[in-house]
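Here, residue 1 is the first one in the sequence, and each next residue gets the next number. Whatever order the structure lists ligands and atoms in, that order sets their numbers, starting from 1.
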Amino acid sequence: MGNKDFDLDDAYGLKTPEELLRYYRTLAPSYDADFAAAMDFRVPQLIAEAYAAEAIGPVLDVGAGTGLLAAELHKRGVTPVDGVDISPEMIAVARGKGVYRDLHLGDVTTRMDFPDSSYLGCVSSGTFTFGHAGPEAIEEMLRVTESGGLFALSVHSGVYAAAGFAARFSALEEEGSIMCFRAADIAFYGPRATGPHAGDHGFLVTFRKV
Ligand SMILES: C[S@@+](CC[C@H](N)C(=O)[O-])C[C@H]1O[C@@H](n2cnc3c(N)ncnc32)[C@H](O)[C@@H]1O
């Protein structure tokens with residue numbers, strides 16, 4: 001990677017919300033250039049493609065970061081996009097891009113400041129990974145999404161089973177809360193990526209709220 005501040009081992013080793021906030025406070029201004037561009041980060045584009053193929057806005061972008069996913073949704077005609085992120089500095093960068101209708105500071109693993117069934121769908125890119133948000137977020141995302149709404153999320157392969165995402169999706173499917181579940185294995189980074197994480201992959205998970 002182009003900048004040593006973006007050592008992914010630091011991101012994956014985050015242990016507490018305080019560490020996560022400190023990490024993104026420092027990195028927000030250079031995230032797009034030194035992480036996303038340098039690592040040829042493909043996930044926002046892949047999530048936007050999957051979502052835009054089957055659904056429309058309003059859609060909530062969870063862990064919106066600097067707004068890369070919303071920009072990809074806009075390119076595909078999906079609007080309006082609202083975003084939520086735990087980091088004020090990441091939100092500030094996203095706000096500057098003008099691709100969100102609303103941006104909210106919030107933690108997706110707790111109750112968010114949105115009424116039930118506010119959105120026709122919910123998307124997330126890069127937020128379900130080591131040291132970030134866990135599967136407890138999924139119920140809250142379901143709460144704010146309308147019945148029939150589409151979900152398109154990335155989950156890093158290293159946490160998919162280990163942090164309980166696979167079990168949570170199975171349980172939600174079995175209890176009849178979600179339907180049309182699919183998990184496609186995707187490469188997170190393109191051919192320009194370098195370093196020990198260049199080959200990282202995960203799942204592009206799609207489903208609908210029953
Ligand atoms: C790797 S960045 C991804 C940003 C953007 N979605 C992208 O694809 O470039 C992960 C983002 O998730 C946010 N995040 C981590 N845990 C969160 C939580 N519990 N609730 C909301 N946002 C969270 C971080 O602040 C960070 O902006």
Side-chain angles (χ1 to χ4, degrees), residues 1 5-51 59-75 81-97 99-100 102-114 122-141 143-144 151-156 158-159 163 165 186-190 193 197 200 202 204-205:
M1 281 206 272
D5 290 343
F6 279 92
D7 185 342
L8 270 173
D9 288 325
D10 291 343
Y12 290 172
L14 297 168
K15 295 277 185 294
T16 64
E18 292 71 31
E19 284 182 13
L20 183 116
L21 287 172
R22 204 177 314 126
Y23 180 78
Y24 283 107
R25 183 179 308 135
T26 307
L27 301 183
S30 46
Y31 176 93
D32 286 1
D34 290 344
F35 167 64
M39 283 297 279
D40 204 1
F41 187 45
R42 301 172 68 225
V43 180
Q45 180 191 328
L46 294 175
I47 297 288
E49 271 169 19
Y51 187 84
V59 58
L60 180 65
D61 177 9
V62 167
T66 61
L68 296 177
L69 175 49
E72 294 290 338
L73 287 166
H74 269 252
K75 280 185 206 165
V81 185
D82 289 350
V84 61
D85 200 285
I86 202 168
S87 162
E89 292 81 9
M90 293 294 268
I91 285 183
V93 176
R95 186 164 283 122
K97 294 183 181 168
V99 287
Y100 291 96
D102 282 319
L103 275 164
H104 302 258
L105 191 61
D107 178 351
V108 68
T109 64
T110 64
R111 194 178 169 90
M112 296 186 289
D113 197 16
F114 306 111
C122 204
V123 292
S124 186
S125 158
T127 302
F128 299 117
T129 187
F130 299 103
H132 286 53
E136 62 273 23
I138 306 298
E139 269 89 352
E140 179 60 1
M141 292 160 73
R143 182 186 69 76
V144 303
F151 284 68
L153 326 166
S154 71
V155 184
H156 194 288
V159 299
F165 285 93
I186 55 165
F188 277 12
Y189 306 107
H197 292 285
D200 279 14
L204 195 173
V205 173

Tabulation required: pairs of a nitrogen or oxygen in ligand 1 and a protein nitrogen or oxygen under 3.5 Å; columns are atom names and distance to 0.1 Å; otherwise 'none'.
unit_1   : atom_1 : unit_2 : atom_2 : d
ligand 1 : 6 (N)  : G63    : O      : 2.8
ligand 1 : 6 (N)  : S125   : O      : 2.7
ligand 1 : 8 (O)  : S125   : O      : 3.2
ligand 1 : 8 (O)  : S125   : OG     : 2.6
ligand 1 : 9 (O)  : Y31    : OH     : 2.7
ligand 1 : 12 (O) : T127   : OG1    : 3.4
ligand 1 : 19 (N) : D107   : OD1    : 2.8
ligand 1 : 20 (N) : V108   : N      : 3.0
ligand 1 : 22 (N) : I86    : N      : 3.2
ligand 1 : 25 (O) : D85    : OD1    : 2.6
ligand 1 : 27 (O) : D85    : OD1    : 3.3
ligand 1 : 27 (O) : D85    : OD2    : 2.7

Who pairs with E136 by salt bridge (charged side-chain N to carboxylate O under 4.0 Å, His left out), at least two apart in sequence or on another chain?
none
Pairing residues for E49 by the salt bridge (charged side-chain N to carboxylate O under 4.0 Å, His left out) criterion, not counting sequence neighbours
R76
Between F35 and F41, what is the ring plane arrangement, given parallel below 30°, perpendicular above 60°, and tilted in between?
tilted
Please name all residues satisfying side-chain hydrogen bond (donor to acceptor under 3.5 Å, both in side chains) with D102, sequence neighbours left out, ordered by chain then number.
none
Show the numbers, then the answer: is there a side chain to side chain donor-acceptor pair (under 3.5 Å) between D61 and Y100?
CA-CA 9 Å; D61 177 9; Y100 291 96; 2.7 Å; yes
Anything under 30° is parallel, anything over 60° is perpendicular, the rest tilted; go ahead and classify F114 against H104.
perpendicular
